[in-house]
*Asks:* 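This is the structure I want to talk about, given as structure tokens.
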Amino acid sequence: MARSTAAASKPTKLTPAGQSGDLSRAQRLELYYYMRLTRSLEERLVNLYRQTKVVGGLFRSLGQEADAVGSAYALDRSKGDVLSPLIRNLGSMLVQGAKPTEIIKQYMAKGDSPTRGRELNIHYGDLVRGFIGQISHLGDMVPVMAGVTLSFKMRKQDRVGLVYVGDGATSTGAFHEGINFAAVQRCPLVVIVENNGYAYSTPLSNQTAARQLVDKAIGYGVVGERADGNDVIATYEVTKRAVDRARGGGGVTLIELMTYRRKGHAEHDNQSYVPAGEIDRWAAENDPIDRYIKRLLDEDFEESELASIDARVTEEIDIATDEAEASPMPDPRDALIGIYADPPALSPLWFREGIKSAVDVHERPSSWGTHDV
Amino acid sequence: MARSTAAASKPTKLTPAGQSGDLSRAQRLELYYYMRLTRSLEERLVNLYRQTKVVGGLFRSLGQEADAVGSAYALDRSKGDVLSPLIRNLGSMLVQGAKPTEIIKQYMAKGDSPTRGRELNIHYGDLVRGFIGQISHLGDMVPVMAGVTLSFKMRKQDRVGLVYVGDGATSTGAFHEGINFAAVQRCPLVVIVENNGYAYSTPLSNQTAARQLVDKAIGYGVVGERADGNDVIATYEVTKRAVDRARGGGGVTLIELMTYRRKGHAEHDNQSYVPAGEIDRWAAENDPIDRYIKRLLDEDFEESELASIDARVTEEIDIATDEAEASPMPDPRDALIGIYADPPALSPLWFREGIKSAVDVHERPSSWGTHDV
Amino acid sequence: MSEVTYLEAIREALFEEMDRDQNVFCLGEDIGAYGGAFKVTEGLMAKYGAERVIDTPISEAAIIGAAAGAAHMGMRPVCEMQFIDFISTGYDILTNYVATARYRAMLPCPMVVRGPSGGYVRGGPFHSQNPEAAFLHTPGLKMVYPATASDAKGLLKSAIRDEDCVLYFEHKYLYRRIKEELPGGDHLTPIGKARVAREGNDISIITYAATVWKALEAAEQVEKEDGVSVEVLDLRTLLPMDDEAIVGTVKKTNRVLIVHEDTRTGGIAGEITARINESAFEWLDAPILRVTAADVPLPYSPPLEDYVLPQTSDIVVALRRLAAY
Amino acid sequence: MSEVTYLEAIREALFEEMDRDQNVFCLGEDIGAYGGAFKVTEGLMAKYGAERVIDTPISEAAIIGAAAGAAHMGMRPVCEMQFIDFISTGYDILTNYVATARYRAMLPCPMVVRGPSGGYVRGGPFHSQNPEAAFLHTPGLKMVYPATASDAKGLLKSAIRDEDCVLYFEHKYLYRRIKEELPGGDHLTPIGKARVAREGNDISIITYAATVWKALEAAEQVEKEDGVSVEVLDLRTLLPMDDEAIVGTVKKTNRVLIVHEDTRTGGIAGEITARINESAFEWLDAPILRVTAADVPLPYSPPLEDYVLPQTSDIVVALRRLAAY
Ligand SMILES: Cc1ncc(C[n+]2csc(CCOP(=O)(O)OP(=O)(O)O)c2C)c(N)n1
Ligand SMILES: Cc1ncc(C[n+]2csc(CCOP(=O)(O)OP(=O)(O)O)c2C)c(N)n1
Ligand SMILES: [Mg+2]
Ligand SMILES: [Mg+2]
């Protein structure tokens, strides 16, 4: 296998704050739009969650919007680039074309949601728009994206892949096997480690003894970079460099984006394990949207431009919410369709023949039933 | 968890040739004895293999004897140190107290071999002498040894563990998870990567894009060292430093030992994939025993001292061979003993009751039977 | 004494065993400071410290492998999988290393792997699994899956004291939904022994874990509505199986329904059917039937999950068919 | 045409499919320059190059995961496990990611995972495994396990063309021991269809892979010595099962022996027994019996391995018992 070890470089220090030189005015506003859409959509989901309209848990990316949006923005959708998001990459999915109504339907487990009610929250994908849904098992998407980008290389396509992992997921065997495989094959793959300080309740110091996660790059012989994940422009730029490198045949880059998870692992988590003041400090001093607004206003943007984006976002979310709320729950029998391409559906089990929904017809909801969760 | 990141240091260059300052005259001869015993024992096994007295494959460590012996010699058996060998660590096991007769019995699948004929070749262990048998699945011993050494730490015992992995096994998820776990817990563990250039037929360049395997150390926040694995003294010294560090509470060290696999993966492998001349060059210029003999003679040792060790080795192997050849194959029904502590044995399956050995009694060896392998 | 939930019973067992034996320790993701995703280990780290209650990196193979290494040295590790679904990433080391240790190397490996299992909670395909069928096939492992708070405690204490590796599945639907007064003292439930959860004469339901409760509901209903008397056998231990209890109930009622929440093909019901067939074929007055989940990953949306998982009404249908046979 | 071994038949299938479809490619450890541990892929890299015959690092999870990613994009990957025993380290990604892709995400994942399986070769506990029971339980996967050279070729070609993930187990004992003239042309064996390997009227043996040959030997022996006529059904596909063929043979002979080389508890025989029970209970004149390996990791020493694995003589004992029932 032809392979130049020169591609392996020492990890750099934090990339300096981005200059956004190659982004147009419209693009810079678009970044704002996606960050705002991410945050407002999650806020709407919190409302729906409190109204118990969300089925299961709710996962937030509050304070991480820049990292998700800026990195995904570095991909070229017109070329067919593909990303694989994590639970905190709602922003990345929106950039890649996911629709608020899809997200809300997923969270409400609706029958016309992208997974027809089969999978949770933002676990879904669309090959046409270029994102592949994760499964829960952390790390597994790294080998999968190694294979996606291997196919780009084999077919000499001008496409790049991007996969996200959390600081916690770097401990998994799958992460290790996947990035190593991609590195040896020089797949056009960008691996972004979102270092938000915690994996559920576990702080980085219980996850790794490394001083920084980008230090793993040299051990895989890939380029390592580290950037301020709460600076959307810096995030965009570091990812863009890696995307260009991948597209140019330079193989894998490992990027560590420094950010912070301001909410609990999911809505139910009270964050008792977080040192006092830490969250407030990040909120006050390092909110990615506040920082970006300040920057835009310092440049040549008007408050009114941003306000009109905010209004557009609210309107879109309102429409999406109405649509999602109005849409139906799945038909129970859809559960039997599509395990294999052939045969395309299972027959109902014998004790279910003629019973539309066992629960509706026969269950006693007042006793030990299946209704309260 | 208290943990100082200062322990993480940049990987060093190849450790300079060892000075053997802290080794006595007797110890230096003992190193020679173990290397010679390793090589001669394997040569005897080759003879037995050619006589079809070995059941299954034969795995050689020709050219790697220094790496195995020197590293294991750095452990302190009187303190209860424990190692976990690989297929090419016959030398390490001998240092730790394994007996030639056990090895030969294992290879001949005898009933009084350490595993009673259940496991192959050098896959066996002994907690009293301080070695734990590997399984075939590469990488799995790293988490296991993380746990062994975790118990040393929890019990505040003055013991150290050593685990070997090949260059190929560094690609496994188990290696990654295990060393990371041990690093975070600051287990008293030494991880030795034996870089012998190949994993079966796969050269290092198809295994990893890293320039050197020791570059993985920083990504785990552990000390990394690299040494000449064909210099038994250098190997001893680099391992001794790591053992002392572990015993002193300094946690994990990753050592890359540079060596070369002169034989095929197993005896049947014709090494067609090796570039012409490579093996001969290593044999002529970098045989670990030749190098050590030269060094000993350059110091103050006599040829006759070495010759008498050689004679002792031959005698020991002769005795061991005789004993192993004379010992019985296992009783078939032993196969049902010891799946659980309780119940201690399974009953024979109903169709076997009253049948001593199905094959002996009923099988037709001339047709499609189970006799020729 | 007051009533204790299934979840609290598990926690009690952990405290009692850690008190009893210095060699017992716990390891897993977020089990320490946070007390675990379901708070099963709450208070454990405060009492026993970070050395005996270890928050690990996200690496199930390392957790299980490290437990094995410590177990060889005489420790008694108790591993938590945050959800039992993640045991899949430790499948290799558990089936190849741990399960074989005693047999191939005469190495003791006394350890427990426990974790929240099962569905009926809108957890979707990766937070609802029942892993027993994946391990039933591995000689050397033991598996228990309690249905009651009392067994939850008694089986965990026995598992921790067992000389071999025990997979301990706890049903998350039962965590806070069932309660009972626990027996006092050093309460141990023997591994390998099933429990008759309800006596009956006409049909036997063989089941375990959450579906024990569904079976009891269905039994009551057909008793009341059809006058059919149903025995419910709660296996409790899935490996090694209690053949005596299984054959005993078959010989008593001559009609068998096996119920499990897990998917159908390759599920544990097959093995039970084969054993009954071999040991009590003559006693069977009807085919052995199965009520199980449909063969799909468990979907998340309530109508889908309800449709895929076995419900009380399904058991009723099956009991009626068996009664009429 | 000349005779071709089971191993050569596999190799032929690979060449033909790589010729036919540019999207087919192979990946695995040492499959390229070396041609694989058993030389199954010999010559493949020389013909198709290192881009389509990829020597990978030692990382089965990455091999399987990368295959899945490429399959999503329209490729047709064929993964080799050097020994099928190592599929255990890819268990998570195979059962959770690959098997569920179509169902949970409408993502096609057409790929093959193949590897040398089975015992009778003194391979010891980690080079002799039969992995079918570990996956039987996973909705979304298919499994095939050929017994003949012709099926070895035909099933691999069908597996490569299948729209879903097929686990293709090849029995290493058969690699060079059996030979036959293969059908010409584009020879495909349908997935999901069993094969009657021997017609008979009195007893049915249901089996697959290497034990098909043991079953045939035993059938001959009892025909000659006892005048009992035995039908042998070679399942070929283990998932999804050919219920029609199974029920068909049961209804014909009314007596069933299931034989598998894999360990007993939780083995595939249980599932088959349950299905027969449900669909053909009335036709059974005797209990369904099993001849299987004993429940231990497969030991390495010849007397132990011979004792643990099912032998022809065991099948004879079981057939006689069934005939006498
Ligand atoms: C293999 C595996 N083990 C455990 C879990 C349970 N789990 C879900 S999220 C999580 C923490 C993830 O932390 P990190 O990777 O840092 O991502 P973050 O949530 O911080 O974005 C854990 C332990 C899992 N999903 N997969
Ligand atoms: C998980 C796993 N995959 C594949 C194998 C098959 N295998 C046995 S040894 C070997 C090569 C090992 O190479 P390396 O780790 O460099 O050790 P060396 O033989 O060179 O000492 C392979 C691929 C295995 N034993 N385990
Ligand atoms: Mg995190
Ligand atoms: Mg090597």
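Note that the coordinates shown come from a computational prediction; the quantities given were computed from them, not determined experimentally. Numbers restart at 1 for each chain; the letters A, B, ... are given by sequence-line order, proteins then strands.
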*Asks:* Out of A269(D), P139(D), G270(D), return the one with the most heavy atom pairs under 4.5 angstrom to chain C.
*Replies:* P139(D)
*Asks:* Look at the rings of Y91(D) and Y91(C) and say which category their plane angle falls in: under 30° parallel, 30 to 60° tilted, over 60° perpendicular.
*Replies:* parallel
*Asks:* Heavy-atom distance under 4.5 Å between the side chains of T100(D) and P297(C), does that happen here?
*Replies:* yes
*Asks:* Relative to chain C, which of R264(D), E278(D), H137(D) shows the most heavy atom pairs under 4.5 Å?
*Replies:* H137(D)
*Asks:* Side chain, backbone, both or neither: which part of Q129(C) has a heavy atom under 4.5 Å from chain D?
*Replies:* side chain
*Asks:* Between L136(C), I87(C), I258(C), T95(C), which shows the greatest number of heavy-atom pairs under 4.5 Å with chain D?
*Replies:* L136(C)
*Asks:* Just by distance, do the side chain of N277(D) and the backbone of I288(C) share a donor-acceptor pair under 3.5 Å?
*Replies:* yes
*Asks:* What residue in L94(C), L284(C), T273(C) has the most heavy-atom pairs under 4.5 Å with chain D?
*Replies:* T273(C)
*Asks:* Under a 4.5 Å heavy-atom cut-off, does chain D meet the side chain of R104(C), its backbone, both or neither?
*Replies:* side chain
*Asks:* If you apply the rule side-chain contact (heavy atoms from CB on, under 4.5 Å), what do you find for V296(D) with Y103(C), and how did you get there?
*Replies:* CA-CA 8 Å; V296(D) 297; Y103(C) 186 77; 3.8 Å; yes
*Asks:* Nearest heavy-atom pair of G267(D) and E271(C): which atoms, and what distance?
*Replies:* N-OE1, 4.3 Å
*Asks:* Check each atom of A280(C) against the heavy atoms of chain D and say whether the ones under 4.5 Å are side chain, backbone, both or neither.
*Replies:* neither
*Asks:* Go through the atoms of Y97(C) and report whether side chain, backbone, both or neither lie under 4.5 Å from a heavy atom of chain D.
*Replies:* neither
*Asks:* F135(C), F126(C), F86(C): which one forms the most heavy-atom pairs within less than 4.5 Å of chain D?
*Replies:* F126(C)
*Asks:* In terms of heavy-atom pairs under 4.5 Å, which option from D85(D), T265(D), T89(D) contacts chain C the most?
*Replies:* T265(D)
